Amino acid sequence: MSKNLNIWIEGTILAALATVLSLVPFNIGPSFSVTVGAPVMMLYCLRRGLVPGFFASFLWGVLHILIGTAYILTPLQGFIEYFIAFGFTGLAGFFTPKVQQAIADQNQKALVWQVTLGTIVGTVGRYFWHTIAGYYFWGAYAPAGWSAWFYSIVMNGVSALATGAFTIMVLAVIAKTNPQLFVPKKSVRGY
């Protein structure tokens, strides 16, 4: 089996795992939530890089539609929130070389910093698009006196902060206890 095929299979399996974990209820009040599957997807993105990260993150969004957990008002809103927004989680993969260099240098402080930066960028990338969709498609649900922008920024901002903080905490523990999870193994099978 080729090395590239293994990368895509790994991404598909982790997208499915992230989707299943996203079913775990972790709500903050009636309207905010923490995406429990985010640490799995960020780990994959930071392990494999930008292109595989975009692929697996995109698939993560598609799986939400396929299992019926997506909230879709219109086809365009669904496309933005589940194809584009989830796909942009893959931006975390931009930090893969720095994460792997920190591991090679055995620099735990740099590793945690790069994992944190990657998580922030991936989370902001995803929630930027949720915020855009929130303004255009969910703005009508804003409470009286709130503008559609303010409503979208608050709703998505709180969820982004909570998901980002949760993901950083989980990945920081992994970085300190088992940093080799961020590095693909070099073996005969290509993993």
Side-chain angles (χ1 to χ4, degrees), residues 14-47 53-54 56-65 67-73 77-78 80-95 99 111-143 145-177 181-182:
L14 290 180
L17 177 59
T19 303
V20 170
L21 288 173
S22 294
L23 298 174
V24 174
F26 195 166
N27 296 330
I28 306 165
S31 302
F32 308 107
S33 65
V34 175
T35 306
V36 180
V40 171
M41 195 49 52
M42 290 292 180
L43 176 63
Y44 178 78
C45 295
L46 292 167
R47 174 183 165 91
F54 270 112
S57 298
F58 169 82
L59 183 57
W60 183 30
V62 170
L63 288 172
H64 278 80
I65 294 170
I67 66 169
T69 59
Y71 296 101
I72 299 176
L73 296 174
Q77 174 267 333
I80 292 170
E81 292 210 79
Y82 292 95
F83 294 169
I84 296 174
F86 276 86
F88 266 71
T89 301
L91 285 174
F94 179 74
F95 292 83
V99 165
L111 173 60
V112 172
W113 177 244
Q114 293 303 322
V115 166
T116 299
L117 288 176
T119 299
I120 290 169
V121 168
T123 302
V124 168
R126 174 181 167 201
Y127 281 95
F128 168 81
W129 289 103
H130 285 309
T131 301
I132 297 297
Y135 169 72
Y136 287 106
F137 300 102
W138 299 97
Y141 299 97
W146 287 32
S147 73
W149 274 118
F150 184 70
Y151 176 66
S152 185
I153 289 168
V154 168
M155 299 303 281
N156 289 295
V158 170
S159 292
L161 286 172
T163 297
F166 173 73
T167 303
I168 288 168
M169 287 188 292
V170 170
L171 293 183
V173 169
I174 292 171
K176 290 179 180 181
T177 60
L181 285 177
F182 291 96

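Predicted, not measured: the structure shown is a model, and the values here were computed from it.
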Worksheet item: With distance as the sole test, does Glu81 use its side chain to make a donor-acceptor pair with the main-chain N or O of Gly134 at under 3.5 Å?
Response: no
Fill in: Between CG on residue Asn156 and OH on residue Tyr151, distance to nearest 0.5 Å
9.0 Å
Worksheet item: Of all heavy-atom pairs between Val99 and Phe182, which one has the smallest distance, and what is that distance?
Response: CG1-CB, 3.8 Å
Item to complete: For the residue pair Thr35 and Arg126, confirm or rule out a side-chain donor-acceptor distance under 3.5 Å.
Response: yes
Worksheet item: What class does the angle between the rings of Trp149 and Tyr135 fall in, given that below 30° is parallel, 30 to 60° is tilted and above 60° is perpendicular?
Response: parallel
Fill in: Atom of Phe54, atom of Gly87 and distance for their closest heavy-atom approach
CD2-O, 2.8 Å
Practice prompt. Might you confirm whether atom CZ of Phe94 has over 12 heavy atoms from other residues, nucleotides or ligands at distances under 6.0 Å?
Written response: no
Discussion item. Can you give me the closest heavy-atom contact between Met41 and Ser57, atom names plus distance?
Written reply: CG-OG, 3.5 Å
Worksheet item: Given side chains that start at C-beta, do those of Tyr82 and Ile72 come closer than 4.5 Å, heavy atoms only?
Response: yes
Worksheet, complete the sentence: One should read off an interatomic distance between Leu17 CG and Leu63 CG, to the nearest 0.5 angstrom, of 11.0 Å
Worksheet item: Looking only at heavy atoms, what is the nearest atom pair of Ser147 and Ala142, with distance?
Response: O-CB, 4.2 Å
Worksheet item: Are the side chains of Trp138 and Ser152 in touch, meaning some heavy atoms are under 4.5 Å apart?
Response: no
Response to the item:
What one should report as the nearest heavy-atom pair of Gly139 and Ala148 is CA-CB, 3.7 Å
Response to the item:
Value for OG1 (Thr89) from CZ (Phe58), rounded to nearest 0.5 Å, stands at 12.5 Å
Worksheet entry | Sub-4.5 Å side-chain heavy-atom contact between Ile80 and Phe137 | yes
What donor-acceptor contacts under 3.5 angstrom involve side-chain atoms of residues 114-125, with partners at least two apart or in another chain?
residue: Thr116; atom: OG1; partner: Val112; partner atom: O; Å: 2.8
residue: Thr119; atom: OG1; partner: Val115; partner atom: O; Å: 2.9
residue: Thr123; atom: OG1; partner: Thr119; partner atom: O; Å: 2.8

Item to complete: Drop me the distance from Trp60's CH2 to Leu21's CG, to the nearest 0.5 angstrom.
Response: 9.5 Å
Worksheet item: At what distance, to the nearest 0.5 angstrom, does CG of Leu46 lie from CG of Leu181?
Response: 12.0 Å
Discussion item. Give me the atom names and distance for the closest heavy-atom approach of Gly53 to Cys45.
Written reply: CA-SG, 3.6 Å
Practice prompt. Would you please test Ile132 and Ile84 for side chain to side chain contact (heavy atoms under 4.5 Å, CB included) and show each step?
Written response: CA-CA 11 Å; Ile132 297 297; Ile84 296 174; over 6 Å; no
Worksheet item: Can we call the ring centroids of Phe86 and His130 under 6.0 Å apart?
Response: yes
Item to complete: For the pair Thr19 (side chain) and His64 (backbone), establish whether a donor and an acceptor sit closer than 3.5 Å, ignoring hydrogens and angles.
Response: no
Practice prompt. Might you confirm whether atom CZ of Phe83 has over 12 heavy atoms from other residues, nucleotides or ligands at distances under 6.0 Å?
Written response: yes
Practice prompt. Indicate yes or no for a side-chain donor-acceptor contact from Thr167 to the backbone of Thr163 under 3.5 Å, with no hydrogens or angles considered.
Written response: yes
Fill in: Gap separating the CG atom of Leu14 from the CE atom of Met42, nearest 0.5 angstrom
13.5 Å
